[in-house]
Amino acid sequence: MFPFGQKGQKIKGTMVVMQKNVLDINSITSVGGIVDQGLGFIGSAVDALTFAATKISIQLISATKADGGKGKIGKSTNLRGKITLPTLGAGEQAYDVNFEWDSDFGIPGAFYIKNFMQNEFYLKSLILEDIPNHGTIHFVCNSWVYNSKNYKTDRIFFANNTYLPSETPAPLLKYREEELKNVRGDGTGERKEWDRIYDYDVYNDLGNPDSGDKYARPVLGGSALPYPRRGRTGRGKTRKDPNSEKPSDFVYLPRDEAFGHLKSSDFLAYGIKSVSQDVLPVLTDAFDGNILSLEFDNFAEVRKLYEGGVTLPTNFLSKIAPIPVIKEIFRTDGEQFLKYPPPKVMQVDKSAWMTDEEFARETIAGLNPNVIKIIEEFPLSSKLDTQAYGDHTCIIAKEHLEPNLGGLTVEQAIQNKKLFILDHHDYLIPYLRKINANTTKTYATRTIFFLKDDGTLTPLAIELSKPHPQGEEYGPVSEVYVPASEGVEAYIWLLAKAYVVVNDACYHQIISHWLSTHAIVEPFVIATNRQLSVVHPIYKLLFPHYRDTMNINSLARKALVNADGIIEKTFLWGRYSMEMSAVIYKDWVFTDQALPNDLVKRGVAVKDPSAPHGVRLLIEDYPYASDGLEIWDAIKSWVQEYVSFYYKSDEELQKDPELQAWWKELVEVGHGDLKDKPWWQKMQTREELVEASAILIWIASALHAAV
């Protein structure tokens, strides 16, 4: 190390950059876009670096020496030669850089970087070595850097340190504040590819009324249809509806939200399969007369997806794109396309999925394990307005249930916490007539289960309800079906279960997954980037759990949940899918997303201080709950330790301007349609911060993976 006070020394630096990632969202949503980009890196900025290192300049900023109230800015220097490091990952390249230094400059805490090349590059990191009397300084950047003319202010990166606002080195404080201001933007104009601005907007980009009424969709967000906010793009409005945003081939994201280098290849298959306007017509032609003409005719056709897949015509690929990786996805060399691995339950017995045992098991160990709840009253009532929808009291009676209650009465079974319900009724009824106006028909369903002495569930009865032919105010037309194992009744019972599973599958995809783990999280991503500096400890706690959320959501609005997108084409709710999710969001409660709170609210667990996780499960063999509680406790204990390390008192938290602005904006803007709900944390104590952070991490990680 150099002795302190020596003049004219050099600081050695190593910068790691990555090749331009062609598989970003605007390529992945368009087959043509992928073809145009190609899979090589021709023309990428990093390739050019070998010849144009002088076109990237860097200036160090002091964290200890000020000039005019801000940290001193060092002399500009350029990258030098390319070097080899054993730690480089795929696509990464390293370059050395030397900085002039003397004791009057102090310790670097940030740096400016300017790109004078035409193309952008991905800056991964900068390491400064042998800083006199300090040692090594790491800068973790992970950001796209465009030509400097695209930015109103120079790009700045901070050393990998963590500071509350009050603890920020004084020379860096203004830089910290200015960077947050840059990221917020001014709320005007259409966002460009290179922008890094985070802002809010309603979901007014799902439809395209200019293409006809068939493609018009209501705006989600506001008093009529409350919804979490999405990232603002600033695109113009449609001609027919000034409240709707024009669709565009370009999907704006704050640039660093685009998929990382490693995950893009994993996402490619999903991206290709989501290109409904390009791929689905070809698949329709290929499958016509095969197993997927319009619907399955028998179970053998379903099983073929697991046993043989679908053979594509030899000219199929020429209609899409001559790209090697796509050729591998859409095989035409004898291997089958759309060949799925068989579920384990089918590996043992191809008919096992038909059993009542498996039907019940899937409510607690299937795709949608967090909807089943306890029955506390009988008969089951409805919350629907009786004036508008008539009487929707459940018609399942004691005589439907008691023959299979093992000698218990309904009252005894309820008292012993033995009866549970999978309820897909009230939310579906207001839309059922409109859904059934299409070729596909369905029912609202209520399914009652009994918890047997061996700890397993078994179905007792299913109520199927359809709209009254004379109008909604007359109530539903309902029928009750009970288990049967022989004759026609057995097939009718199987069909009743199928209607339940269809409702559960729709609810899973649109509510449990999309709304509750994707749309819900996006306002947190936006608020965190707008109000918490990258050196704030809570930013660093939450940031890893936001990975790719905005990117996936943007893609979903373009090809998945949009008008005539994949969801509308393949799920029963059709064009009403997103509107129904907004209706259900009205009753969303943030604090109920904590797993213990959710289990207790649904009545599948009771509070028990003596239990390992503070709650005792009523259904002991409940994989989602039992495994989830282990994960929940790990998350919360980690967050507790983390928060306690940085905030030594509640007063410190209350006086943190970034944290208070973050929570205020999240509640009042990001989830502003629910801002007056009393259950929001007030963010005045460390325990409130721990609870809110743990819930958010749970939603974005374990819950997202489970549903």
Side-chain angles (χ1 to χ4, degrees), residues 10-21 41 43-63 65-68 70-83 92-101 105-128 131 137-160 171-172 174-185 191-197 254-256 258 529 533-535:
K10 295 283 188 181
I11 294 177
K12 182 182 184 305
T14 302
M15 178 171 287
V16 177
V17 296
M18 293 179 70
Q19 295 173 324
K20 181 180 178 182
N21 188 353
F41 298 109
S44 72
V46 176
D47 290 336
L49 279 175
T50 304
F51 309 102
T54 57
K55 293 185 178 294
I56 296 175
S57 72
I58 306 169
Q59 292 175 282
L60 297 180
I61 300 172
S62 178
K65 301 289 185 178
D67 182 7
K70 298 173 68 175
K72 280 188 174 182
I73 301 175
K75 293 182 179 179
S76 175
T77 189
N78 301 106
L79 297 186
R80 299 174 68 196
K82 184 176 178 181
I83 61 176
E92 297 177 359
Q93 298 181 11
Y95 297 83
D96 67 348
V97 55
N98 287 340
F99 300 92
E100 293 185 12
W101 180 90
F105 184 81
I107 306 302
F111 71 86
Y112 280 134
I113 187 167
K114 293 181 180 179
N115 174 13
F116 298 106
M117 297 183 295
Q118 181 178 357
N119 294 315
E120 72 273 23
F121 63 91
Y122 188 79
L123 174 59
K124 186 175 182 183
S125 64
L126 173 67
I127 297 176
L128 303 180
I131 307 297
I137 298 178
H138 294 265
F139 295 83
V140 179
C141 306
N142 292 325
S143 181
W144 291 95
V145 180
Y146 280 70
N147 185 283
S148 60
K149 292 181 179 179
N150 292 320
Y151 301 119
K152 294 180 180 179
T153 59
D154 292 340
R155 291 297 312 276
I156 190 172
F157 293 92
F158 295 91
N160 192 30
L172 293 181
K174 289 292 184 182
Y175 294 107
R176 176 175 181 155
E177 294 171 350
E178 289 171 357
E179 175 66 356
L180 279 175
K181 184 178 179 181
N182 292 335
V183 172
R184 293 184 198 120
R191 301 273 65 88
K192 305 300 181 183
E193 176 186 335
W194 49 82
D195 283 339
R196 303 164 47 246
I197 294 173
R255 187 60 181 97
D256 294 337
N529 281 278
S533 167
V534 294
V535 298

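Nothing here was measured: the structure is a model prediction, and the numbers come from that model.
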Applying side chain to side chain contact (heavy atoms under 4.5 Å, CB included), run through L79 and M15 and close with a yes or a no. CA-CA 8 Å; L79 297 186; M15 178 171 287; 3.8 Å; yes
Shortest non-hydrogen contact from [X] to [Y]?
{"X": "A94", "Y": "T14", "value": "CB-CG2, 4.3 Å"}
{"X": "G74", "Y": "F105", "value": "N-CE1, 3.4 Å"}
{"X": "L128", "Y": "G13", "value": "CD2-CA, 4.2 Å"}
{"X": "W101", "Y": "G106", "value": "NE1-O, 2.8 Å"}
{"X": "I56", "Y": "N78", "value": "O-ND2, 3.1 Å"}
{"X": "A159", "Y": "I137", "value": "CB-CG2, 3.7 Å"}

Does NZ in K75 sit with more than 12 non-hydrogen atoms of other residues, nucleotides or ligands closer than 6.0 Å? no
Any side-chain to backbone donor/acceptor pair from [X] onto [Y]? Under 3.5 Å, distance only.
{"X": "D154", "Y": "Y112", "value": "no"}
{"X": "W194", "Y": "W144", "value": "no"}
{"X": "Y175", "Y": "A110", "value": "no"}
{"X": "N98", "Y": "K10", "value": "no"}
{"X": "N115", "Y": "V145", "value": "yes"}
{"X": "S76", "Y": "Q59", "value": "no"}

Start with the C-alpha distance between Y122 and S143, add both sets of side-chain angles, then the distance that settles side chain to side chain contact (heavy atoms under 4.5 Å, CB included), and finish with yes or no. CA-CA 6 Å; Y122 188 79; S143 181; 5.6 Å; no
Determine whether the aromatic ring centres of F158 and F139 lie less than 6.0 Å apart. no
Stepwise side chain to side chain contact (heavy atoms under 4.5 Å, CB included) check, Y95 with I83: CA-CA 5 Å; Y95 297 83; I83 61 176; 5.8 Å; no
Gap separating the [atom1] atom of [X] from the [atom2] atom of [Y], nearest 0.5 angstrom:
{"X": "K114", "Y": "Y151", "atom1": "NZ", "atom2": "OH", "value": "13.0 Å"}
{"X": "F157", "Y": "S125", "atom1": "CZ", "atom2": "OG", "value": "11.0 Å"}
{"X": "S62", "Y": "L172", "atom1": "OG", "atom2": "CG", "value": "7.5 Å"}
{"X": "M18", "Y": "N142", "atom1": "CE", "atom2": "CG", "value": "8.5 Å"}
{"X": "I113", "Y": "S148", "atom1": "CD1", "atom2": "OG", "value": "10.5 Å"}
{"X": "T77", "Y": "F99", "atom1": "OG1", "atom2": "CZ", "value": "6.0 Å"}

When you check the gap from the basic side-chain N to the acidic O, do D195 and R255 get nearer than 4.0 Å? no
Taking only Lys NZ, Arg NE, NH1 and NH2, and the carboxylate oxygens of Asp or Glu, determine whether E178 and K70 approach each other closer than 4.0 Å. yes
Go through the steps for V17 and E92 under the test side chain to side chain contact (heavy atoms under 4.5 Å, CB included), then give the verdict. CA-CA 6 Å; V17 296; E92 297 177 359; over 6 Å; no
Just checking, any donor-acceptor pair under 3.5 angstrom between side chains of T153 and N182? yes
Can you check whether [X] reaches [Y] side chain to side chain, under 4.5 Å on heavy atoms?
{"X": "I156", "Y": "I61", "value": "yes"}
{"X": "I197", "Y": "P254", "value": "no"}
{"X": "N529", "Y": "V534", "value": "no"}
{"X": "M117", "Y": "N147", "value": "no"}

Here's a test for you: under side-chain hydrogen bond (donor to acceptor under 3.5 Å, both in side chains), which of R155, Q118, E193 qualifies with Y146? E193
When you look at K174 and E179, which way does the salt bridge (Lys or Arg N to Asp or Glu O under 4.0 Å) test go after all the steps? CA-CA 9 Å; K174 289 292 184 182; E179 175 66 356; over 6 Å; no
